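A short write-up of the structure that comes next.
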Amino acid sequence: MNRIDKLIGDMTLAEKLGQLTMTAAGYAVTGPVIAGDSTDAIRTGAIGNLLNLVGPGPVREMQRLAVEESRLGIPLLIGLDVIHGHRTLFPIPLAEACLFDPQAWELTACEAAKEAACDGLAMTFAPNLDVSRDPRWGRTAEGPGEDPWVGSQLAHAKVRGFQGASLASSDTLAACAKHFCAYGSVTAGREYATVDISERTLREVHLPSFVAAVEAGVAAIMPAFMDLAGVPMTANTALLRHYLRDQLGFDGVLVSDYNAIGELIRHGVAADLTAAAVLALKAGVDIDMMSDAYRCGLPVALERGLVSMAEIDVAVRRVLGLKERLGLFDDPYRRGSKIESPEAVAQRRRLARSVATRAMVLLKNDHDTLPLSDTLHRLCVIGPLADAAGEMPGCWSTCAVPEGQVSVVAGLREGLPQTRIATAPGVDIEGGDRSGIAAALELCNGADAILLCLGESATMSGEAASRAFPDLPGQQRALAEAVFERARAQRIRVTVILFSGRPLVVPWLAEKADALVAAWFLGSEAGNAISDVVTGRASPSGRTPITWPRALGQVPIFYSERPSGRPADSNDRFASKYLDTSSEPLYPFGHGLSYGRFTLANLRVTPQLVDEDGTIAISVDLTNEGKRAAEETVFLFTRDKLATVARPKLELKAVGKITLQPGETGTVNMNLRAFDLRFLGLDLAPVFEPGDVEILVGPCADRSRLLVGAVCLTAKPALKGAAQVSGPAMKR
Ligand code: NOJ
């Protein structure tokens, strides 16, 4: 008999339910979820898993109680939200997505795992795979942006990075893909609100990143808080059990979100905690995070015959299986026993700096305002985010040490030792006080250049951070307008460094700034990275993974819309457009400038006729006609102009990159699989239709800037894996 069978045979019901319970460390000490002394609860086996316990000392002590003082000695599973770094913070996920570089995505996850494992952790509640097309939603900051293909690439890379080659290794973490699924479509961008979308959108936009995570072997998945068409995800049997488990074959652990099982009562689908526990267990949720519904409700449910012991055992087996895969039975202290070398820590900081440098998106750069001139004597750095080290790490940074964060001013002082740097906040990030504006303007007088550091605070994005007015908060616009006026009078160029966890709707700012950099939140090395880019030590190369609206009324706005029967570009009044603003975004998906200037030519598509399972090789020549070396990103979109079901105007299928010296020409090669040209038909099964497909290649999702080729599909490509899934998913 193997270890897990034997344990399950020996366990009491209370011990089993302990394995299905995850409690926050803070609560574990004082209640209110687990009453009494939590150390006792660990000793008795009433708590089998913890979240938010960090550090080798505390982890070892709690683990010791479980392993040495509980009856069966089952180790605890300890998890934390390691979302974009742990002690060393990398850019927030939306910013990291701007790299369009799976290798970098994997590397930061791998480094975060090492650091978190040194702190005793065995699990992270990441990656966040929520596709978002609504900047009002604060959690846009945590995800890959608007595109499902990007989400899928990111899912693969992050799972590989966190989990490494073996979960049993002392420096890997179990990943938990979240939030399953379609959380990014909450009504009006309001956190935790209902989602009601078509099944086609569900399958084509929101499921692919989770399919990718499952393919990559993700250890766990967390259902989202919200309901989908009336069925809360925590109780969504169709999607959790029938789709994830039965159809995709996901055999890992389903961990509820924080108190989400208990919240089934407020959703109005469960009368009490017992009913909630039954719904969640039946749907396939293994671990109850913070509701205490399983411990309180399942004994009653068992008694009433609403669940069976066999159903409980299946969940227990999965949790124990994960603990075994993590090597916890063999050595429960393997994580948290290692002290990293200073060189390993320094190397991680270098990675954080280079990824942050590459995450920035240069949205605008008129008159070559950037990079700043080498001969700068006086630089004026104004704004509430100019010297705000504590804001730099971004939304998920509970373990960041305050002294480890580099502000913009600190980074510039380091990077420009010969330049006199004057700085003033002018105004607070939020609040109504304008009294500091005059002093800030004084400093601008006679400056060679001005950097305006504006935006949101770090906590204005992330969880529970929806904004109905996603623009500059407080009095920042008043400050900016005053600075622009002063700068214009004195012919000083103004670069705006914009901090945010979402595309802010600030068309006036984009209009008035000479240069505009989307800095998002860049992590511990933010200031150094910004200094690298504005001084020209590095050329910016980030591309926006989400469309920038020019007006809030355009939201949701995304590049892969389907065509209208009355397109916006017609002159007719009766067209799909607004009376009061353009339908075009301020900046399209994929937009981002560099210090080079690239032209594309000579698009080659080989072969032009594609049959079964064919791979289509696509190449394009690029020349850097600018004066500086730079990296260029090239996007490959497809467009199926004629199909049974209307296809989006553009669909992203591949991304290529090249770095070229001034005057240099090079070729970017990309592959497109005929298999990827399928779509979901009316019965929601994948459909392949022979015929012409346009191939569009270029720097962003602005069709007018894309080179166009075509392939003709002649046979049905082989379908495989998840693509074969069909049937309705939204029924309980
Ligand atoms: C709630 C959040 O929705 C989820 O993303 C997170 O993992 C848990 N809290 C635990 O902190």
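All ligand and atom numbering here is 1-based and tracks the order in the structure. Note that the structure is a prediction, hence the values are computed from the model and not measured.
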* Under 3.5 Å between some N or O of ligand 1 and some N or O of Trp396? -> no
* Only pairs at least two apart or in different chains count here, so list each salt bridge (charged side-chain N to carboxylate O under 4.0 Å, His left out) that has a residue in residues 392-401. => none
* Residue among Arg87, Arg348, Lys114 satisfying salt bridge (Lys or Arg N to Asp or Glu O under 4.0 Å) with Glu340 -> Arg348
* Asked: Near Leu51, which atoms of ligand 1 are under 4.0 Å from a heavy atom of that residue?
  -> 10 (C)
* Asked: Out of Asp81, Asn259, Asp257, who gets a non-hydrogen atom closest to atom 1 (C) of ligand 1?
  -> Asp257
* To do: Determine whether Val218 and Gln163 make a side-chain contact, defined as any pair of heavy atoms from C-beta on separated by less than 4.5 Å.
  => yes
* May I ask whether Met222 places a heavy atom under 4.0 Å from ligand 1? => yes
* Heavy-atom contacts under 4.0 Å between Arg139 and ligand 1: side chain, backbone, both, or neither? -> side chain
* Asked: Would Ser132 and Asp130 count as having a side-chain donor-acceptor pair, cut-off 3.5 Å?
  -> no
* Asked: For ligand 1, which atoms, with element, lie under 4.0 Å from some heavy atom of Lys178?
  -> 4 (C), 5 (O), 6 (C), 7 (O)
* Structure fact -> Per-atom filter on ligand 1: closer than 4.0 angstrom to a heavy atom of His179 are 3 (O), 4 (C), 5 (O)
* Asked: Is there a side-chain contact between Glu146 and Arg133 (heavy atoms, below 4.5 Å)?
  -> yes
* Near Phe225, which atoms of ligand 1 are under 4.0 Å from a heavy atom of that residue? -> 1 (C), 3 (O)
* **Nearest-contact summary for atom 2 (C) of ligand 1 - protein heavy atom, Å** => Glu463 OE1, 3.2 Å
* Structure fact -> salt bridge (Lys or Arg N to Asp or Glu O under 4.0 Å) test vs Glu311 passes for just one of Arg318, Lys282, Arg317, namely Lys282
* Asked: Looking just at side-chain N and O atoms, do Asn128 and His179 make a donor-acceptor pair shorter than 3.5 Å?
  -> no
